[in-house]
Amino acid sequence: MYLYILTCLKPGSHCAILATIWLYVDLLFYLYLSACLFICPADDCQALNFGHGSVVCVCNATYCDSVSRTGLPDPGQFLSYVSSKTGSRLVKSQGQFQKNSTGAALRITLNPSQKYQRIKGFGGAMTDAAAMNILSLSSRAQDQLLRQYFSPDGIEYRFVRVPMASCDFSTRLYTYADTPGDYDLQNFTLAEEDIHMKIPLLQRAQALSAQPLNLFASAWSAPAWLKTSGALIGKGSLKGKPGGKEHKTWAQYYIRFLEEYEKYNLSFWGLTSGNEPTAGEMTNYSFQALGFTPETQRDWIALDLGPGLHSSSFPQTRLMILDDNRLLLPHWAKVVLSDVQAARYVHGIGFHWYLNNIAPPGITLTTTHHLYPEYFLFATEACAGWSPLDRGVRLGSWDRAEDYAHDIIQDLNDFVTGWTDWNLALNQDGGPNWVKNFVDSPIIVDSSKDVFYKQPTFYSMAHFSKFLWEGSQRVGVSFSQHNSLEISAYIRPDASAVLIILNRSEEEVQFEVWDQTLGFLPGSAPPHSILTLLWSRR
């Protein structure tokens, strides 16, 4: 059309010049849009630098960057998504497999015949604090935040951990059965935090998700009147012995929780046997805890919780033992799972990431897997900012994104089937937390501005949760030479391949991926970056 107009105008005239300018503007805009189909994220990150090494992406009621939906490229093509310290956030590009080697010094060979565990999924926790922070935003900003985690245009979390009653990330101490002597749990009642905060948000999250969410519950403490200490916090265990009335009441408490949530059309994929049982064995422990040794946990499961669940309306609910630091493995698993009566009620082993630097994954996770391959391993809690040496929120910290990716790759390469972050959202202090145990979160809310900040850790999670569908199977990879990259490889249920690469070094690393069915994929991992590669093998 523009060419037709130009031919009808007198050369050099004012109108001809304007038409020419419009032609070039239109052409540049077209080229930009075409380029963005290949190299731009679906929506650009609105970056803000708080001076902690990288940037956050700012979101509000009307705008938020999004990875959008990820389709497969054409046969012979691959997609690359990169996030980096320099500010890239899931930046998408497309490339072509080559028939011949690129000549890169580092060759990564995909070995699909080496098959390992299948992935269950990734997620975070709907604590009281997370719910309070989400609800502190305007309704449209709340929707925006939930979409980022759960919708097909977001990072598609599949798991949500739900605390049973209060934990440290609450603003008060409570359980669902605080009436002394109520062994039949006649007065069992969900709290306002459940009914008005967590449950409505979980329902909204489920409505956004393309698939059913997998909820799993963890309890921090039994009611004080059931405990030796008579208090929710600090050292204390259940009164009496496994098989006794206190232990049976505590088992029924779990079942009553499931029944009450079911009234709101929320069913639970799983339960843990209790959050950090070793905390309740520590003198002067500062917040809610219930002490178990592996022996008492074994006996409580065998005599009370296991039979109770089995005879309830929830016999298919998956039970995970431990739910504490992995340095307790394999010993804890040996004690519980060597008992036939307890083991028959158990499905998996949950663990936390704290103190992992003194608990090598090969000694803890891989050893446990080889001893008990029929029980899945699942990471049930992790957060940044928990250490006294690096406490609280660090807006834009890339180091923490690398810590997440490093731990997830390490876990997955040692037979772990899923990884759950801690609070879905916190405020800028890292709370609320009644005991001031402030930590970091992938999303930080500033309700005074009706905005939330997506941290680098959010994108670190996205490189896994968005691409590793449930049922994806880890497969082998080998390397032509020693290198600084951390890598994990998968074949998804749709027969596509996913390769996740972490480069924590200061140098760009050139490589090629050899897939014997397709050829050679030319690639590069920028300094301090996380890279996800995706291609069809059909």
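No hydrogens, no waters, no symmetry mates; every other heavy atom, side chains included, goes into these values.
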For [X], check side chain to side chain donor-acceptor pair (under 3.5 Å) against everything at least two apart and list the hits.
X    : answer
E281 : none
N423 : T127
W398 : E402
Q206 : none

Donor-acceptor pairs are to be reported for all side-chain atoms of residues 230-240 against protein atoms at under 3.5 Å, with residues two or more places apart or in another chain.
unit_1 : atom_1 : unit_2 : atom_2 : d
K239   : NZ     : W225   : O      : 3.1

Residue among D143, D450, N60 satisfying side-chain hydrogen bond (donor to acceptor under 3.5 Å, both in side chains) with S138: D450

Sequence-distant partners of C383, disulfide (SG to SG under 2.5 Å), two or more places apart: none

Could you work out, with side-chain contact (heavy atoms from CB on, under 4.5 Å) as the rule, every residue matching [X], not counting sequence neighbours?
X    : value
P432 : A129, M132, N133, T171, N427
E259 : I255, R256, F314
D494 : L72, W469, R492, S496

Stepwise, does the salt bridge (Lys or Arg N to Asp or Glu O under 4.0 Å) test hold for R504 with E486? CA-CA 8 Å; R504 292 194 288 171; E486 299 170 52; 2.7 Å; yes

Using a strict 4.0 Å threshold on nitrogen-to-oxygen distance, state whether D153 and R147 make a salt bridge. no

Are the ring centres of W353 and Y404 closer than 6.0 Å? yes

Are H369 and F376 close enough that their ring centres sit under 6.0 Å apart? no

Once ring pair (Phe, Tyr, Trp, His ring centres under 6.0 Å) is applied, do any residues pair with Y261, and if so which ones, sequence neighbours excluded? F257, F268

Please list, chain by chain and in numerical order, all residues satisfying ring pair (Phe, Tyr, Trp, His ring centres under 6.0 Å) with F159, sequence neighbours excluded. W269, F378

Output every pair passing ring pair (Phe, Tyr, Trp, His ring centres under 6.0 Å) with a member in residues 276-299, not counting sequence neighbours, ordered by first then second residue. Y285-F287, F292-W300

List the steps and the verdict of ring pair (Phe, Tyr, Trp, His ring centres under 6.0 Å) for F169 and W220. CA-CA 11 Å; F169 281 93; W220 265 246; 9.4 Å; no

Do T368 and R326 have a side chain donor and acceptor closer than 3.5 Å? no

